[in-house]
Amino acid sequence: MKMRGDILINGLREKLSFGTSAYVTQENVLMATLTVTEAVHYSAQLQLPDSMPAADKRARADRAIRQMGLGAVAGVRIGGRVCKGISGGQRKRVSICVELLASPALLFLDEPTSGLDSAASYHVMSRIAGLARRDGMTVVAAVHQPSTEMFELFHGLCLLATGRTVYFGAASDAIEPACSQVLVEKAITLAEDEMAGVSVLVSSIRGISRKFFESNGFPCPLRRNPSDHFLRMINKDFEGASPIPQRQATFLTKTYVLTKRSIVNMHRDAGYYWLRFVIYIAICLSIGTIFFNVGSNFASIQARASMLMFTSTLLTMMAIGGFPSFVEDMKIFRKERMSGHYGATEFVISNTLSSIPYLGLISIIPGAIAYYLTGLQRGIDHFIYFAAVLWACTMLVEGLMMIVAAVVPDFLLGIITGSGVQGVLMLNAGFFRLPSDLPKPVWKYPTYFISYHKYATQGLYKNELLGLVFEDIGGGGLTISGEYILKNYLQVELSYSKWVDLAILVAMIIIYRLLFLVIIKISEIVKPRMLHFLCASKV
């Protein structure tokens with residue numbers, strides 16, 4: 001197929017911007033940890049302008065919930081991967097609720113009755129039809145085998161076969177009750193033999209006009225046996241409504257609401273941080289008992305270096321475990337971004353801000369267990385630096401995994417890709433192979449210098465070893481300073497302080513998040529063009 005054509009609104013070439021149109025996807029992309037009320041209320045705060053009082057926003061959200069017949073489950077979580085919740089049909093109605101909040105002039109519905117029984121399908125579509133009449137809204141819907149009662153709700157009919165228009169006009173003109181019973185029985189038999197790969201805007205075949213299809217070269221649409229028939233229900237025109245200007249909340253409001261919603265989601269999703277928190281405590285207890293009270297003799301030098309290296313690399317690498325939640329967040333973002341609820345910048349900022357307190361908690365409590373059981377340098381300033389480096393490393397790993405989620409949305413491939421990148425960076429951190437021994441092409445320049453593990457381990461080495469003096473375990477009176485170990489044994493760069501290493505890690509956090517934002521922006525531009533190119537090349 002080759003994509004071409006213009007989008008005209010009231011005869012004018014316009015973009016389908018926010019407020020002009022809304023799109024309800026066939027797949028229900030919702031935040032599983034939120035209740036129905038919370039999901040609709042958060043969306044109202046994102047879509048409706050700041051000039052509208054908060055009470056009015058809540059009232060509109062509550063009214064939409066009642067109109068979709070969701071009052072009985074308003075306080076129930078949506079559910080999904082992390083917990084049980086409402087039914088699939090109720091999730092579909094929540095998706096419709098969210099898009100109705102801004103009262104769009106044009107509403108697209110992709111299979112709005114999926115997962116609903118015939119009675120629920122009729123009630124949902126009748127309420128949408130009522131809203132369309134009340135607000136002057138045009139509804140374009142793709143519906144799979146609606147009932148006769150539902151068919152009567154629509155004014156316009158579009159039948160598509162193999163990508164081409166079979167009929168487009170008034171729904172009443174396509175129906176003729178006197179259709180031959182023999183034709184009906186033959187069409188139904190043919191549909192059953194071909195797995196019924198057809199969607200028609202009537203519950204039975206007997207309502208389709210034989211005269212119309214014959215006049216257009218089609219004896220009967222079912223005789224063509226297309227793999228898929230799509231049906232769209234539309235109004236006849238776009239009269240009466242000009243494109244609605246932007247009426248959304250401000251950038252700051254969107255960022256605040258998204259941050260608040262993300263914090264709630266992270267708190268309720270056990271797999272996002274809480275499971276990692278428990279595992280971190282278990283691992284840090286293991287670290288603390290294995291390296292328990294290492295002392296200050298020569299043997300403790302290698303023990304300290306190993307413990308710090310493991311903590312800053314392998315332990316923080318476990319942030320990869322949050323990848324499934326990242327993928328779910330990206331699905332929700334793409335759906336809401338497509339509907340114009342907010343932009344990529346707000347999403348990236350809010351996701352970053354909401355993760356800071358949780359990663360701080362994960363860094364401080366498990367970190368304290370490992371730090372003090374091992375018997376590292378006393379002094380609150382040393383521990384604060386240790387926890388800050390752990391926090392920075394986990395932020396970096398999450399930033400890296402979000403970049404992977406934006407490029408590789410598949411769960412398994414994303415885990416493999418993220419682990420591979422982490423492994424390569426870890427190998428060139430200067431521990432497994434000293435910096436002077438790394439091959440200069442590729443591994444020393446540039447991999448060694450772009451690996452965040454380098455700055456994390458060197459900062460922790462400086463924080464721990466500077467100021468310490470180690471004694472010979474044999475009691476010979478020999479001593480060696482921590483500075484000497486750093487310079488000659490671990491090959492740590494002492495030309496700058498440990499705080500510079502931490503500053504570099506923070507700068508890398510910002511760079512990773514900016515890169516994530518850039519990739520999202522580029523994908524929004526490149527993917528449609530790639531799709532157009534691929535489609536054109538197949539013609």
Side-chain angles (χ1 to χ4, degrees), residues 266-267 269-296 299-325 355-401 415 418-419 422-423 425-426 429-432 451-466 468 482 490 498 501-502 505-506 509:
M266 291 173 179
H267 173 71
D269 188 348
Y272 219 123
Y273 288 118
W274 298 121
L275 181 59
R276 270 192 279 166
F277 180 67
V278 173
I279 295 176
Y280 270 47
I281 289 178
I283 292 180
C284 286
L285 281 170
S286 302
I287 294 173
T289 51
I290 290 173
F291 293 95
F292 181 74
N293 196 15
V294 292
S296 59
S300 70
I301 296 173
Q302 182 61 43
R304 292 172 189 268
S306 299
M307 181 270 183
L308 294 174
M309 180 273 165
F310 181 88
T311 304
S312 63
T313 55
L314 294 174
L315 184 62
T316 57
M317 188 178 179
M318 289 180 56
I320 290 177
F323 186 76
S325 299
S355 64
I356 289 176
Y358 292 101
L359 293 179
L361 182 67
I362 286 177
S363 302
I364 293 172
I365 297 179
I369 294 173
Y371 190 91
Y372 288 106
L373 283 178
T374 304
L376 300 182
Q377 276 218 53
R378 302 301 178 184
I380 191 63
D381 57 326
H382 289 279
F383 170 71
I384 290 175
Y385 184 89
F386 175 83
V389 170
L390 289 186
W391 170 83
C393 289
T394 51
M395 285 288 291
L396 283 166
V397 174
E398 288 213 345
L400 177 61
M401 294 310 297
I415 291 288
S419 301
Q422 290 279 343
L425 295 177
M426 192 186 305
F431 178 84
F432 298 102
S451 171
Y452 72 86
H453 301 86
K454 165 189 181 296
Y455 305 100
T457 53
Q458 291 202 6
L460 291 176
Y461 288 162
K462 295 173 187 177
N463 182 62
E464 176 60 24
L465 297 178
L466 284 176
L468 290 183
L490 297 174
K498 64 182 181 181
D501 290 302
L502 181 59
L505 290 175
V506 173
I509 292 173

#### Entry: Heavy-atom donor-acceptor pair, Asn463 side chain to His382 backbone, under 3.5 Å
yes
Considering non-hydrogen atoms only, spot the tightest contact between [X] and [Y] and give its length.
X      : Y      : result
Ser451 : Leu425 : OG-O, 2.8 Å
Ala387 : Ser363 : O-CB, 3.7 Å
Ala456 : Leu505 : CA-CD1, 4.0 Å
Leu308 : Glu464 : CD1-CB, 3.8 Å
Leu361 : Phe277 : O-CE1, 3.9 Å
Ser355 : Met395 : OG-SD, 3.8 Å

### Query
salt bridge (charged side-chain N to carboxylate O under 4.0 Å, His left out): which pairs involve residues 356-383, sequence neighbours left out?
none
### Message
Can a side-chain donor-acceptor contact be found between Thr394 and Glu398 if the only test is distance below 3.5 angstrom?
### Response
no
### Test side-chain contact (heavy atoms from CB on, under 4.5 Å) applied to His453 and Gln458, Met426, Met309, the passing residue
Met426
### Query
How are the rings of Tyr371 and Phe386 set relative to one another: parallel (under 30°), tilted (30 to 60°) or perpendicular (over 60°)?
tilted
### Query
At what distance, to the nearest 0.5 angstrom, does NE2 of His267 lie from OH of Tyr358?
6.0 Å
### Task
Using side chain to side chain contact (heavy atoms under 4.5 Å, CB included) as the criterion, list what pairs up with Ser419, not counting sequence neighbours.
Met317, Ile320, Ile415
